[in-house]
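A short write-up of the structure that comes next.
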Protein chains: 2
Amino acid sequence: MIFSKSCVYGLRAMIYLASISREGYVSIKGLSEKLDISFHFLTKILQELTADDLLESMKGPKGGVRLSKSGGEITLKEVVKAIDGPGIFTECVLGLPGCGSEKPCPMHDMWEGTRDKINDVFTTTSLQDMSKEGKAKDLRITPDGQFIWG
Amino acid sequence: MIFSKSCVYGLRAMIYLASISREGYVSIKGLSEKLDISFHFLTKILQELTADDLLESMKGPKGGVRLSKSGGEITLKEVVKAIDGPGIFTECVLGLPGCGSEKPCPMHDMWEGTRDKINDVFTTTSLQDMSKEGKAKDLRITPDGQFIWG
DNA sequence: TATATTTAAGATAAAATTGTCTTAAAACTT
DNA sequence: AAGTTTTAAGACAATTTTATCTTAAATATA
Ligand code: FES
Ligand code: FES
């Protein structure tokens, strides 16, 4: 798997949040049921996104989370970086420290272009792009496919 | 990290093996010292590659491992598949089962092209390509940079 | 103010990955 | 044939990731 499970769960949640109104907060409990993710685990992941200012949270009744800015202003890269860190966009594919800075590894040249492509597509794609795509074509964001947009 | 540590160690070892003669076997002990990888851990990884017929092994004095075919005939993809499995070349980036086969996920279209690029570059690059590159330019394949080609 | 709801934070547990150690089996050397 | 070297295999341990559970803090509502 290219991303950690935490990261995948975070992406699913963020794409869903981008598909709904940002008026008011969405409870994590409700989110976890809708997306079929463990409530406590999802809570932790969303806390990371809140700490990274991609989400705003509110305690108490009527509390929950919501995107801190419009879905069109949040890139997939921001979400991945907040959860898995920037590694996939920057690290040496052979795990050597300081990719490119000093002597690179043999795979550097073949990998750099691919990594740039990954970086480009995650930088230029927003949560809104994904939620529009998913909603328009009624695509899956849960394994069982029971998820319903809107 | 895009690949597991096992996979990275396996790639480093295979690239090095492609840089030397296939006459005779190379002891894993010597390999592990040269590459600065735990002997027992490396042994396990190379066993997977042997089971996958990318390496041949021989027990006893003068024993060790060697590439089962020339470095030009083994692709990076084969090595990755043997250790980490085919996931990165085939799986849904959102972790959903059966990417593309039934309803895809919202990220499918943006990801498929990128994944194809990863697949292409790992399919068209051989161990020999990497060992030639590394040897010609004296590049690193260990973190400390103490590794010496040849 | 008291109570219920909900996130925050951190302790704990389970599972997967990474790493080490021991014993067995095979092949060479003497 | 006996002893040494080396991979094979699997038990064991440490670490990281994933998941659960408990308590605290904040907010709304009655
Ligand atoms: S140094 Fe290895 S990918 Fe850049
Ligand atoms: S279905 Fe998600 S990437 Fe193909």
Using whole Å, report how far NZ of A/Lys62 lies from P of C/dT7. 14 Å
Please state whether the phosphate of D/dA19, meaning OP1 or OP2, lies under 4.0 angstrom from any side-chain nitrogen or oxygen of A/Tyr9. yes
So, is B/Ser57 close to the D/dA8 phosphate, meaning a side-chain N or O under 4.0 Å from OP1 or OP2? yes
Figure out the NZ/P separation between B/Lys59 and C/dA25, and round it to whole Å. 9 Å
Cation-pi check, A/Lys62 onto A/Tyr25 ring (under 6.0 Å, within 45° of axis): no
Rounded to whole Å, NE2 of A/His40 lies from C1' of C/dT7 at a distance of 11 Å
Tell me whether the OP1 or OP2 atom of D/dA19 has a side-chain N or O from A/Lys5 closer than 4.0 Å. yes
Would you call A/Thr125 and A/Thr75 a side-chain contact if the rule is heavy atoms closer than 4.5 Å? no
With a cut-off of less than 4.0 Å, is there a side-chain N or O of B/Ser27 near OP1 or OP2 of D/dT6? no
Please give, in whole Å, the distance from C/dT18 P to B/Ile83 CD1? 11 Å
Between CD1 of B/Ile28 and P of C/dT20 the distance, given in whole Å, is 15 Å
OP1 or OP2 of C/dT7 less than 4.0 angstrom from a side-chain nitrogen or oxygen of A/Thr50, does that happen here? no
Does A/Ser38 make a side-chain N or O approach to OP1 or OP2 of D/dT20 shorter than 4.0 Å? yes
N/O donor-acceptor pair, side chain B/Lys44 with base C/dG19, under 3.5 angstrom: yes
B/Lys34 atom NZ: more than 12 heavy-atom contacts under 6.0 Å: yes
